[in-house]
Number of protein chains: 2
Amino acid sequence: MTHRIDMCPRFESAFEILGKRWTGLIIRVMLSGPQRFKDIAKNIPHLSDRVLTGRLKELEADGIVIRHVYPETPVRIEYELTEKGRDLKHVMDAVQAWASDWIEMDEPEEPKGK
Amino acid sequence: MTHRIDMCPRFESAFEILGKRWTGLIIRVMLSGPQRFKDIAKNIPHLSDRVLTGRLKELEADGIVIRHVYPETPVRIEYELTEKGRDLKHVMDAVQAWASDWIEMDEPEEPKGK
DNA sequence: TATTATACTTACATAAAGTTAGTTACATTA
DNA sequence: TAATGTAACTAACTTTATGTAAGTATAATA
């Protein structure tokens, strides 16, 4: 009816994943290799256990992450990126490049005067 | 204390912007040139006015978008990406490439059997 | 049996997003 | 002059997502 830009549904799908809080940081941390739950949590300061659990499940459902269970004592569970997940490195690199060019960091991490 | 990966604060900042629902799609639509409020809304189906207003303000505050007011009748307001915003094209291209490689679209946009 | 550690769950509070309706400003029309 | 129409919001309310704190499951060990 009206002429609208043809928004690629794959692009929309991609942003349903990336456009959620924490997802980008989780993937970035996992790009350095398989990680245990607590290691991911440790590397992403304000991320809660509850949300990390949810995100890992979503990413697993999306085929971006695999969950490995090692029946040791205590049980060891590792999360690893699939090829699909590792290929997001190109996206993360682009974000990093943009951030390096454009984000200033004069103020400390949590500015008070807000 | 513990050894954690040094999460680049610029990267975190970038994902505070990109890691919000709709932001990626809004920027993608704006990459095709200055747009009026209603045009952006028209090109992003399920995005509400309320959220679009908020996102445009955030993006303006982040220096990614400029708001131009043309005192015509009725008043015409156009939103345009700044250089900082246009430079996000590289990120969007990487997302598009990843999505083209990895996102399947067998099922219709809103699968029923979920 | 009690203790310890990891990887979750659950319950509840707050913040963000969705939905619908209304407002403002101005020119055109009746 | 009053009614109408349009774009760009804004307000009120509901629903969903996230934050926070505490609790659970499992298995080896003391």
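Proteins come first, then strands; the chains are lettered A, B, ... in the order of their sequence lines, and each starts at number 1.
- Among C/dA7, D/dC9, D/dA7, the nucleotide with an atom closest to any side-chain atom of A/Phe37 is C/dA7.
- Under a 3.5 Å cut-off, the side chain of A/Arg10 and the backbone N or O of B/Asp101 do not form any donor-acceptor pair.
- Rounded to whole Å, the distance from OH on A/Tyr70 to C1' on C/dA7 is 16 Å.
- With hydrogens and angles disregarded, a donor-acceptor distance shorter than 3.5 Å links the side chain of A/Lys84 to the backbone of A/Asp62.
- Put simply, B/Lys20 has no side-chain N or O that comes within less than 4.0 Å of OP1 or OP2 on C/dA15.
- When the P atom of D/dA17 is taken as reference, atom CD of A/Glu16 falls 12 Å away, rounded to whole Å.
- For the pair A/Arg21 CZ and C/dA17 P, the computed distance is 10 Å after rounding to whole Å.
- The minimum heavy-atom distance between A/Ile27 and A/Leu18, with the atom names listed, is CD1-CD2, 4.4 Å.
- Using a cut-off of 4.0 Å between Lys/Arg side-chain N and Asp/Glu carboxylate O, A/Lys42 and A/Asp39 are scored as salt-bridged.
- Residue B/Arg50 places none of its side-chain N or O atoms closer than 4.0 Å to OP1 or OP2 of C/dT20.
- Residue A/Val51 places its side chain closer to D/dT18 than to any other of C/dG18, D/dT20, D/dT18.
- The distance between atom CG of A/Asp39 and atom P of C/dA7, rounded to the nearest whole Å, is 8 Å.
- For the pair B/Trp22 and C/dA16, the criterion of a side-chain N or O lying under 4.0 Å from OP1 or OP2 is not met.
- In this model, the phosphate group of C/dT6 is not approached by any side-chain N or O of A/Tyr79 to a distance below 4.0 Å at OP1 or OP2.
- When the P atom of D/dA7 is taken as reference, atom CD of B/Glu78 falls 14 Å away, rounded to whole Å.
- Side-chain nitrogen and oxygen atoms of A/Lys57 include at least one within less than 4.0 Å of the OP1 or OP2 phosphate oxygen of C/dT9.
- The interatomic distance linking A/Ile40 (CD1) with C/dT6 (P) rounds to 14 Å, in whole Å.
- We find that CG of B/Leu56 is positioned 15 Å from C1' of D/dT10, with the value rounded to whole Å.
- Of the listed residues (A/Lys38, A/Gln35, A/Arg28), just one forms a side chain to side chain contact (heavy atoms under 4.5 Å, CB included) with A/Asn43, and that residue is A/Gln35.
- Note: CG (B/Asp49) to P (C/dA17) measures 15 Å, nearest angstrom.
- Closest to the side chain of B/Arg67, out of C/dT9, C/dT6, D/dC9, is D/dC9.
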